[in-house]
Structure formats: C-alpha cells, structure tokens
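Inspection log for the structure reproduced underneath, given as structure tokens.
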There are 2 protein chains.
Amino acid sequence: MTSKYERANASDGQSRIPDIVIGRLPIYLRSLKILLSQGQTVTNSQELGDRLGISSAQIRKDLSHFGEFGKQGTGYDVAYLCKQLEKILQVDCIWPVVLVGAGNLGHALASYAGFENRGFRIVGVFDNQPDKIGTHVGSLQVEPLTQLPAHVARHHCRIAILAVPTKAAQNVANLLVEIGIKSILCYAPITLNLPEGIRVEYIDPVIHFQHMTYYLEKDCLKT
Amino acid sequence: MTSKYERANASDGQSRIPDIVIGRLPIYLRSLKILLSQGQTVTNSQELGDRLGISSAQIRKDLSHFGEFGKQGTGYDVAYLCKQLEKILQVDCIWPVVLVGAGNLGHALASYAGFENRGFRIVGVFDNQPDKIGTHVGSLQVEPLTQLPAHVARHHCRIAILAVPTKAAQNVANLLVEIGIKSILCYAPITLNLPEGIRVEYIDPVIHFQHMTYYLEKDCLKT
DNA sequence: ATACATTTGTGCTAAAATACACAATGGAAT
DNA sequence: ATTCCATTGTGTATTTTAGCACAAATGTAT
Ligand SMILES: NC(=O)c1ccc[n+]([C@@H]2O[C@H](COP(=O)([O-])OP(=O)(O)OC[C@H]3O[C@@H](n4cnc5c(N)ncnc54)[C@H](O)[C@@H]3O)[C@@H](O)[C@H]2O)c1
Ligand SMILES: NC(=O)c1ccc[n+]([C@@H]2O[C@H](COP(=O)([O-])OP(=O)(O)OC[C@H]3O[C@@H](n4cnc5c(N)ncnc54)[C@H](O)[C@@H]3O)[C@@H](O)[C@H]2O)c1
C-alpha cells in the first residue's frame with residue numbers, strides 16, 4: 001500500500017531515511033513548539049528526550065539524518081530547530097484537507113481549531129445523507145458527495161479524512177483515490193485495501209484500549 | 001510448542017513478549033471479527049496478512065508466542081482465534097472507562113456505539129465547566145470533576161480518556177493517576193509526564209498528517 | 001494405501017533499530 | 001591563554017525485529 005522509503009536524504013541521493021525516524025519528527029516538533037510558546041530559546045537532546053521518554057542519543061541520531069542543527073556545548077536553538085523540522089516535514093505551509101463524513105466525529109474535527117497552526121486546514125466537508133447537506137459544521141457547510149471531485153481538484157487536495165461508517169469506508173476510500181487523494185487518515189475501524197503509493201494512517205481508539213488491557217490486572221465486568 | 005503464555009510485565013524479565021507483538025494483536029482481532037461477521041469460518045496467515053499488509057510469517061510468529069491456534073494444511077478457525085485473542089488481550093469482558101472533557105470530541109466519543117462490542121464501556125463523563133454539567137452526552141449525563149474520584153472507585157475504573165484542552169491535560173492526568181487510573185488515552189496534543197507504571201497512549205491526527213506530508217509532493221498553500 | 005497439496009510452527013539468518021561511548025567543538029570562567 | 005564543562009554528531013556494538021525456508025502435520029484425491 002505504501003512503500004516505506006520514498007524520499008531521499010538531501011545530502012545523499014542513494015540513502016533513504018527510515019520511516020520510523022520520520023514518524024518521530026512530528027513528536028519532536030510538537031514538543032519544541034510548546035517550549036517555544038513558553039519562551040524557552042534553547043534546549044538540548046537530553047531535555048527533549050526527558051520530556052518525550054526517548055533517549056538523547058536517539059534524538060541526536062534522528063536529527064543527524066537531515067543536517068547539523070545543534071551547537072556543541074549549548075544544544076539547539078528552539079525556534080531554528082522548529083523551522084528546520086517544519087521544512088523537512090513540509091509543514092511550513094498550509095495543506096488543504098477534505099473531510100468525508102459529517103457525523104459526530106466529523107463535527108468535532110471540522111470545528112477543531114488546532115489544525116491551522118500546525119500546517120492543515122479543512123477546506124470542505126462532505127456527506128451523502130440529504131439531511132446533513134447544508135448544515136453547518138465549524139465554519140463550513142456540508143456539501144453533497146457529488147461535489148467532492150470538483151472540490152478536491154479546485155483546492156489541489158492530496159489529503160483526506162475518512163469519518164464515515166465502517167461499511168462505507170472502503171468504497172469512499174476508492175473514490176478518494178480515483179479523484180487524486182494521496183494520503184488518507186481513516187477513523188473507521190477497518191484496514192483499507194488501496195493501491196501502492198496511497199498512504200493510509202489509522203486512528204482507532206479501541207486498538208489502543210486493547211493494547212492497554214493486555215498489561216492491566218484483570219478486574220473488569222463479566223459479560 | 002509452548003502452549004502457555006505469560007503476561008509481559010516490566011518485572012517479567014525472562015519470558016516477556018515484545019510490546020510490538022502485543023500491538024499487532026488488536027489489528028488481527030479486528031480483522032478476524034470482520035471475517036466472522038461475514039460468515040467466514042476458516043482463514044490462514046496468508047489471507048490475513050494480505051488483508052493487513054503484513055507478512056504471513058509475521059502473523060504466525062506473533063501468534064506462536066501464545067500457543068498453537070492453527071491446523072496445518074487448513075489454517076485458523078476464525079471464531080476460535082478471535083476468542084483466543086480476546087482472552088490474551090483480556091477483552092473477553094467489558095472494561096469500564098471514564099471520559100474527562102465533555103467538549104466536541106468528548107461528545108463524539110461518548111455517543112460512539114462501537115466500544116461495547118470490542119470490550120469497553122464509557123461509564124462516566126466529567127467536566128469542570130458549570131455550563132456543561134448536567135447536559136446529556138450519549139446516554140450519560142456530564143458530572144462535575146469533583147465526582148470523578150468516587151466514580152472511579154465505585155466502578156473500579158482503570159482506564160480513562162483525556163479529552164480536555166492541552167493546557168489542562170497534565171493536571172487532569174495527575175489527578176487521574178492519584179485516584180487509581182492505570183491507563184490513559186490522551187487526545188490532547190502533548191506528551192504527558194507521569195510516573196512509571198502508568199501507560200499512556202496518544203491520539204493526535206496532526207502527528208499523522210505531518211508524517212504523511214513528508215512523503216507528498218509539495219503543492220500546498222503558501223503562508 | 002499412497003501420493004499430493006496446503007499450511008502451520010519454528011530454528012536460523014538477515015536487517016533494522018537502538019544504545020554506547022567518545023573525539024570534537026564551543027562557550028564560560030579564571 | 002588556558003582550563004573546564006557541557007553537548008553535539010557519529011562510528012561501532014548490541015539488541016530487537018522481520019524474513020526465510022523447511023520439517024511436520026493434516027486433509028484430499030486417486
Ligand atoms: N464518534 C467517535 O468518537 C468515533 C470513535 C472511534 C471511531 N469512530 C469511527 O469514525 C467513523 C465516524 O463515526 P461517527 O461517530 O461520526 O459516525 P456517524 O454515524 O455519526 O457519522 C457518519 C457520517 O457518515 C455519513 N456517511 C455514511 N455513508 C456515507 C457515504 N457513503 N459517503 C459519505 N458520507 C457517508 C453519514 O451520513 C454520517 O453523517 C465511523 O467509522 C466510526 O466507527 C468514531
Ligand atoms: N475536536 C477534535 O476533533 C480534536 C482533534 C484533535 C485533538 N483534539 C484535542 O482533544 C482535546 C479536546 O478537544 P475538543 O475539541 O473536544 O475541545 P473542547 O474545548 O470542545 O472541549 C474541552 C472540554 O474540556 C473541558 N475542560 C477544560 N478544562 C477542564 C478541566 N480542568 N477538567 C475537566 N474538564 C475540563 C471544557 O469545559 C470542555 O468541555 C483537546 O486537547 C484538543 O486539542 C480535538
């Protein structure tokens with residue numbers, strides 16, 4: 001579905017940076033931006049690691065894939081490292097995102113104010129139920145699914161949020177791919193089957209719960 | 001060969017099963033339950049792997065940590081493997097969960113019907129804003145935060161969902177730990193600092209988006 | 001009964017990820 | 001100017017994770 005290594009290291013055309021490293025960068029960025037908002041100007045791999053529960057060596061090695069951002073003896077300039085990470089992740093801009101499914105979850109997402117200052121904006125909300133269409137969610141109005149292709153084309157959307165019922169998810173995902181979406185954040189509790197080159201990430205709280213319960217002392221309600 | 005399995009706690013130095021293996025079991029279970037609901041009685045590691053984008057060997061090896069569940073030449077009985085995975089993950093029961101934060105996201109979660117048949121039930125919703133208290137979310141009524149400790153004790157809750165604003169998240173998390181919560185699913189975009197032994201899992205859609213954009217052709221709005 | 005087709009469970013190998021440890025560097029103090 | 005200290009960036013070692021490949025088991029067809 002998604003090849004793990006797609007982008008070359010800037011300094012070496014051959015080498016690829018492990019996806020697991022890329023996956024940690026947004027965590028670093030999130031923490032750095034909190035430091036920045038608190039007025040801290042300098043940090044170091046130890047401090048950042050302590051905050052995140054990651055070893056300092058891990059952080060240094062991850063960053064070293066992309067360049068030298070720190071100063072020996074001092075650490076990292078918070079604002080500078082933020083900027084660099086935003087550039088690496090390509091979030092030094094605002095990506096337009098379409099949201100499909102204007103149900104309970106869709107409403108929460110559409111009215112969420114925390115996307116914009118981290119690089120994303122929901123530019124359209126779509127549903128196939130007549131009674132949903134025209135209703136307001138956040139600052140947007142729900143549009144019919146038939147408008148989705150034109151909307152994606154007009155806004156050059158490459159990212160979609162899938163917040164439809166499980167039974168509709170695969171079909172809607174197929175449609176999204178057909179009209180040019182490259183990355184899907186899927187909230188439906190199902191693994192989608194999509195062509196190579198389409199990246200799908202999943203959010204399913206129950207997966208997290210079931211992971212947690214493995215480690216808990218059993219003390220739950222009998223069924 | 002080892003038909004017994006042990007809980008992989010931190011103290012369990014000898015025979016602990018890698019956390020990454022535990023993390024895949026809920027994915028297997030989710031897929032198996034879909035097969036089951038479609039009436040399929042038998043599957044095999046190849047089919048399951050194809051559906052999930054995981055190698056068949058990986059699946060067999062993961063399962064082999066816990067026992068022998070398959071039949072050579074045939075594969076796995078879907079219902080039986082489901083039952084076994086539910087037992088291993090300790091979701092052959094219903095875990096009571098408390099939800100803190102009755103905002104947009106809290107509403108979506110509280111009214112979500114998909115928890116119960118996968119082992120979880122939200123038994124209380126809490127908020128500290130007077131205007132939220134008493135309002136209905138799903139089938140529950142929002143209670144004041146002051147009621148939380150008694151509620152957790154009464155229901156023997158060990159799991160909490162944290163859906164409060166970022167700036168309140170750490171404080172509320174500290175409270176949750178004090179009153180006996182062992183596992184937290186945190187929706188606030190922040191890494192919590194909590195004592196050893198408390199498990200926290202995070203859901204932050206922006207982390208997923210920023211991971212995706214690394215691999216996308218840059219074609220987003222300039223800021 | 002025998003041959004054949006499948007698929008598991010697993011010992012071993014390969015690859016990936018993480019941790020260690022330290023030379024090199026920059027800044028502060030004396 | 002020199003010493004001292006903190007911290008980076010990275011070569012190497014260790015640990016963890018994934019993949020390979022096949023004997024053993026099971027069912028089916030002849
Ligand atoms: N609500 C939650 O907190 C929550 C939690 C976990 C997972 N989920 C998952 O997220 C998804 C959405 O959940 P929800 O609670 O918002 O459900 P919902 O039923 O409230 O909303 C689903 C929306 O999708 C629309 N829809 C249905 N078929 C469609 C189609 N073919 N094309 C476009 N729109 C379509 C419906 O009209 C509805 O508005 C579900 O898959 C659910 O399992 C939700
Ligand atoms: N809405 C989304 O789709 C979405 C998406 C991503 C992340 N999040 C995150 O999830 C969290 C909740 O988001 P939301 O959109 O529901 O926000 P919200 O503002 O709608 O709701 C937050 C709720 O928490 C309550 N609250 C505040 N302080 C509290 C405290 N100390 N104790 C108890 N309750 C308290 C508020 O009264 C409010 O009801 C936030 O951290 C947000 O960043 C939300």
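- Non-hydrogen atoms lying under 4.0 Å from DNA chain D are contributed by A/Asn44, A/Ser45, all within residues 25-51 of chain A.
- Closest non-hydrogen pair, B/Pro189 versus A/Tyr112, comes out as CG-OH, 3.9 Å.
- When the nearest nucleotides of DNA chain C are assigned to A/Lys71 and A/Ser55 by heavy-atom distance, the more 5′-ward of the two goes with A/Ser55.
- Of the residues in residues 74-83 of chain B, those placing a heavy atom less than 4.0 Å from an atom of DNA chain C are B/Thr74, B/Gly75, B/Tyr76, in numerical order.
- A salt bridge links A/Asp92 with B/Lys218: at least one charged nitrogen is closer than 4.0 Å to a carboxylate oxygen.
- Between the CD1 atom of B/Ile59 and the P atom of C/dT7 there is a distance of 14 Å, rounded to whole Å.
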Using distance only, find each side-chain donor-acceptor pair of residues 156-175 of chain B under 3.5 Å and give its atom names and separation, not counting sequence neighbours.
{"from": "B/Gln170", "atom 1": "OE1", "to": "B/Asn193", "atom 2": "N", "distance (Å)": "2.9"}
{"from": "B/Gln170", "atom 1": "NE2", "to": "B/Asn174", "atom 2": "OD1", "distance (Å)": "2.9"}
{"from": "B/Gln170", "atom 1": "NE2", "to": "B/Asn193", "atom 2": "O", "distance (Å)": "2.9"}
{"from": "B/Asn174", "atom 1": "ND2", "to": "B/Gln170", "atom 2": "O", "distance (Å)": "3.4"}

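- Using a 4.0 Å heavy-atom cutoff across all strands shown, A/Leu63 reaches no nucleic acid atom at all.
- When all heavy atoms of B/Leu85 and B/Leu25 are compared, the closest pair comes out as CD2-CD2, 4.0 Å.
- Side-chain contact check for B/Tyr187 versus B/Leu185: some heavy-atom pair is nearer than 4.5 Å.
- Residues passing the ring-ring contact (aromatic ring centres under 6.0 Å, His included) test with B/Phe209, sequence neighbours excluded: A/Phe115, A/Phe120.
- For the salt bridge (Lys or Arg N to Asp or Glu O under 4.0 Å) condition, the pairs that include at least one residue of residues 26-36 of chain B, sequence neighbours left out, are A/Asp204-B/Arg30, B/Lys33-B/Glu86.
- For A/Asp19 and D/dT17, the CG to C1' distance is 15 Å, given to the nearest whole Å.
- Atom NE2 in A/His65 sits roughly 11 Å away from atom P in D/dG11 (whole-Å rounding).
- Rounded to whole Å, the distance from CD1 on B/Ile17 to P on D/dT17 is 12 Å.
- Side-chain contact annotation: A/Ser56 with A/Arg60, donor-acceptor N/O pair under 3.5 Å present.
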Distances for protein N or O near nucleotides 20-24 of chain D N or O, under 3.5 Å:
{"from": "D/dA21", "atom 1": "N6", "to": "B/Arg60", "atom 2": "NH2", "distance (Å)": "3.3"}
{"from": "D/dA24", "atom 1": "N3", "to": "B/Gln72", "atom 2": "NE2", "distance (Å)": "3.3"}

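- Between B/Lys83 and B/Asp77, no side-chain nitrogen of the basic residue sits less than 4.0 Å from a carboxylate oxygen of the acidic one, so the salt-bridge criterion is not met.
- As a whole-Å value, the separation of B/Phe69 CZ from C/dT10 C1' is 15 Å.
- If you take CD1 of A/Ile20 and P of D/dT16, they are 14 Å apart, rounded to a whole angstrom.
- Atom P of nucleotide D/dT17 and atom CD1 of B/Ile54 are separated by 15 Å, given to the nearest angstrom.
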Taking it one step at a time, do A/Asp62 and A/Tyr28 satisfy side chain to side chain donor-acceptor pair (under 3.5 Å)?
CA-CA 10 Å; A/Asp62 284 351; A/Tyr28 301 161; 2.6 Å; yes
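- Side-chain contact check for B/Glu217 and A/Gln90: no donor-acceptor pair (N or O, by modelled atom type) lies under 3.5 Å.
- Between the CZ atom of B/Arg16 and the C1' atom of D/dT17 there is a distance of 12 Å, given to the nearest Å.
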